Visitor: 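Structure below; questions to follow.
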2 protein chains.
Amino acid sequence: MKPKMTLKRIAKELGVSISTVSKALHDNKEISQDNRDKIQAFAKFYNYRPNNIALSLKNKKTKTIGLIIPEIVHNFFAKVISGIEHVAKLKGYNVLIAVTNESFDKEVINMELLVHSNIDGFIMSLSKETLLNQDKHHLQETINQGIPIVMFDRVLNDIDCDKVIVDDLKGAKMATQKLIDTGCKKILLLTTEDFINIGKLRTQGYLEVLKENNITPDPDIIYRVSDMGNLERKQEAIEEDINKIFDRVSDIDGIFAVNEIYAITALNVARQRGLRVPEDLSVVSFSDGILSQHSRPSLTTISQHGFKIGEVAASLLIDRLSHEDEEKEYETKIVKTELIERDSTR
Amino acid sequence: MKPKMTLKRIAKELGVSISTVSKALHDNKEISQDNRDKIQAFAKFYNYRPNNIALSLKNKKTKTIGLIIPEIVHNFFAKVISGIEHVAKLKGYNVLIAVTNESFDKEVINMELLVHSNIDGFIMSLSKETLLNQDKHHLQETINQGIPIVMFDRVLNDIDCDKVIVDDLKGAKMATQKLIDTGCKKILLLTTEDFINIGKLRTQGYLEVLKENNITPDPDIIYRVSDMGNLERKQEAIEEDINKIFDRVSDIDGIFAVNEIYAITALNVARQRGLRVPEDLSVVSFSDGILSQHSRPSLTTISQHGFKIGEVAASLLIDRLSHEDEEKEYETKIVKTELIERDSTR
């Protein structure tokens with residue numbers, strides 16, 4: 001018997017990336033004609049069809065949800081998992097989890113793996129690589145083959161599926177306004193690169209509030225952290241960079257950090273520099289995890305309600321799975337953010 | 001075609017627990033003769049054999065590891081996952097994760113689910129219920145059917161398999177001795193109930209060091225936290241209990257907490273009571289997670305090296321899978337603990 005062909009195996013056999021195979025099979029012009037021909041011929045020989053990803057086991061319901069997350073270090077994802085598990089348990093579903101470590105290839109491999117495990121549907125937050133490359137064939141194929149996907153937090157807008165997002169723009173505006181309202185004049189933004197939609201929206205919220213308050217944004221104090229790698233290991237590098245910004249711009253009196261790790265890192269820098277929080281420097285974080293509560297000073301933060309996001313995502317998916325015969329419009333649910341005031345602001 | 005029978009399905013059909021089914025199929029006398037007969041007859045009718053759990057797919061290698069953990073809130077497990085993923089990636093393995101939420105039934109269901117997903121072997125840390133009930137048929141069956149298991153942290157000694165543990169006894173002794181060396185006379189122990197082997201060993205370490213230092217243990221300041229439920233939600237209750245202990249015993253000057261959450265809770269209580277850490281009260285924690293580093297004061301702690309534990313567990317499993325034809329003795333690897341001194345001790 002020929003082995004079952006997967007995108008991964010084709011890529012390996014031909015010595016190209018999974019992304020290249022995926023694109024070639026969709027006749028994407030980014031791939032040379034020669035390579036497209038070669039890959040398509042190979043796939044044909046091995047009877048690979050894009051819907052291999054979905055197998056033909058659609059009717060064999062297993063009451064299992066496949067959950068794909070980019071990383072496990074952020075407490076936010078732990079909370080989302082708890083919310084999903086909570087609803088799954090109530091509805092008699094099981095959950096299998098796979099971690100992509102921000103890798104596109106891992107995302108594709110994990111999806112194939114879970115599909116072969118006969119999961120009924122996916123809940124996913126996309127990897128940074130997927131967002132950066134905007135490579136979405138694997139997602140569209142899965143949906144086309146009748147396996148529903150619910151995306152949360154890190155979503156691609158042009159994939160038609162159920163989504164759960166937080167109101168990142170509004171949350172960021174609340175955070176920035178809070179700093180301005182308590183007297184901050186020079187607010188450092190610690191954010192992600194723009195290809196991550198949540199980072200981009202939070203940056204936009206910051207900029208909009210500055211404008212509303214007639215403050216001219218200063219590019220020197222907008223720091224887009226490049227962290228494709230492991231967050232924990234990058235922390236020292238981020239700390240160094242923040243220190244350099246303070247060396248250049250000495251009158252920073254507020255920081256808006258788009259996640260807890262950045263905020264905690266900022267607190268470390270403040271401590272090193274002898275800045276008192278919140279007297280000399282106010283800090284607002286995003287996502288209300290265990291770090292925000294237990295850091296000293298505890299962090300004023302925009303709560304993302306990870307548990308709630310998990311609950312909503314699981315409910316959306318299970319609802320769709322339970323009414324598969326009906327044509328149901330895709331929904332985007334917005335989980336509201338909330339300002340939680342603690343000790344890092346005046 | 002008859003549906004494939006699983007322990008879960010038999011339990012559901014007969015309206016009994018999975019544990020009852022498991023015991024009945026092993027002719028355990030705890031179950032009445034009548035129930036044993038009924039369950040065995042039902043299982044026979046549906047062709048259920050214990051080795052259903054292992055299917056007959058042993059030769060179909062998927063290079064996938066099934067990882068079963070009790071919960072996801074503790075940063076320790078996130079670190080272990082990172083360590084496992086690290087080695088798995090190097091060796092070309094994938095990892096599917098399932099969470100038991102400390103439930104025995106979920107542990108069995110998740111194992112069946114992952115076996116049906118054709119995982120090659122398991123890495124697991126057992127649920128509290130499994131440890132409490134000492135119910136281990138599902139583990140022994142899986143091993144008997146040729147699917148290897150590597151247990152870590154929460155293990156059952158009398159299951160013959162590869163294990164990765166930390167030196168809990170020695171770690172606890174280091175922690176307690178550190179408190180005594182820095183002048184503490186009245187050391188509160190915050191530990192788990194004894195059926196959790198790691199809690200029991202850490203308690204034992206505490207008691208041994210007291211004895212070595214000619215200090216008589218005071219049962220009033222040994223608090224065995226009962227937390228079968230969600231840790232985060234229990235935190236308030238634990239806080240209240242610690243406060244009551246301080247009300248009764250006012251001269252406590254040291255705390256040894258067997259995990260970070262207990263230690264952080266103790267710091268909260270100290271703050272509420274106006275006790276300065278470390279001047280009035282020293283605190284040592286166990287497991288060096290993100291909380292220990294970022295709490296204020298930062299916590300002196302016994303590092304458990306979660307990442308390392310994950311690496312060792314994955315290496316053990318992959319090594320066994322790669323040499324399946326050889327008879328290899330089972331190993332128990334001990335990952336050394338280490339005292340990391342920070343600001344919560346003098």
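Just so we're clear, the structure is a prediction, and the values are computed from it rather than from any experiment. Below, chains carry the letters A, B, ... as their sequence lines are ordered, and counting in each starts from 1. Side-chain atoms are counted along with the backbone in the values below, which use heavy atoms only and exclude waters and symmetry mates.
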Visitor: Relative to each other, are the rings of H138(B) and F104(B) parallel, tilted or perpendicular (30° and 60° limits)?
Guide: perpendicular

Visitor: Regarding R9(B) and E112(B), does a basic nitrogen lie under 4.0 Å from an acidic carboxylate oxygen?
Guide: no

Visitor: Indicate yes or no for a side-chain donor-acceptor contact from N94(B) to the backbone of I109(A) under 3.5 Å, with no hydrogens or angles considered.
Guide: no

Visitor: Pick whichever of I119(B), L96(B), L67(B) has the most heavy-atom pairs under 4.5 Å with chain A.
Guide: L96(B)

Visitor: Salt bridge (Lys or Arg N to Asp or Glu O under 4.0 Å) for R154(A) and E102(A)? Distances and angles first, verdict last.
Guide: CA-CA 11 Å; R154(A) 302 229 208 117; E102(A) 307 290 7; 2.9 Å; yes

Visitor: Pick from V95(A), L113(A), I81(A): which one has the most heavy-atom pairs with chain B under 4.5 Å?
Guide: L113(A)

Visitor: What residues of residues 269-287 of chain B sit under 4.5 Å from chain A when you count only heavy atoms?
Guide: R271(B)

Visitor: Checking T100(B) against S127(B): is there a side-chain donor and acceptor pair closer than 3.5 Å?
Guide: no

Visitor: Check whether N101(A) reaches the backbone of S103(A) with its side chain - one donor and one acceptor, N or O, closer than 3.5 Å.
Guide: no

Visitor: Side chain, backbone, both or neither: which part of K89(A) has an atom under 4.5 Å from a heavy atom of chain B?
Guide: neither

Visitor: With a 3.5 Å distance limit and no angle check, can you tell me whether K91(A) reaches the backbone of H86(A) through a side-chain donor-acceptor pair?
Guide: no

Visitor: Please flag which part of T64(A) lies under 4.5 Å from any non-hydrogen atom of chain B: side chain, backbone, both or neither.
Guide: side chain

Visitor: Let me know if L114(A) has heavy atoms under 4.5 Å from chain B in its side chain, its backbone, both or neither.
Guide: side chain

Visitor: Is E311(B) paired with K79(B) through a side-chain N to carboxylate O contact shorter than 4.0 Å?
Guide: no

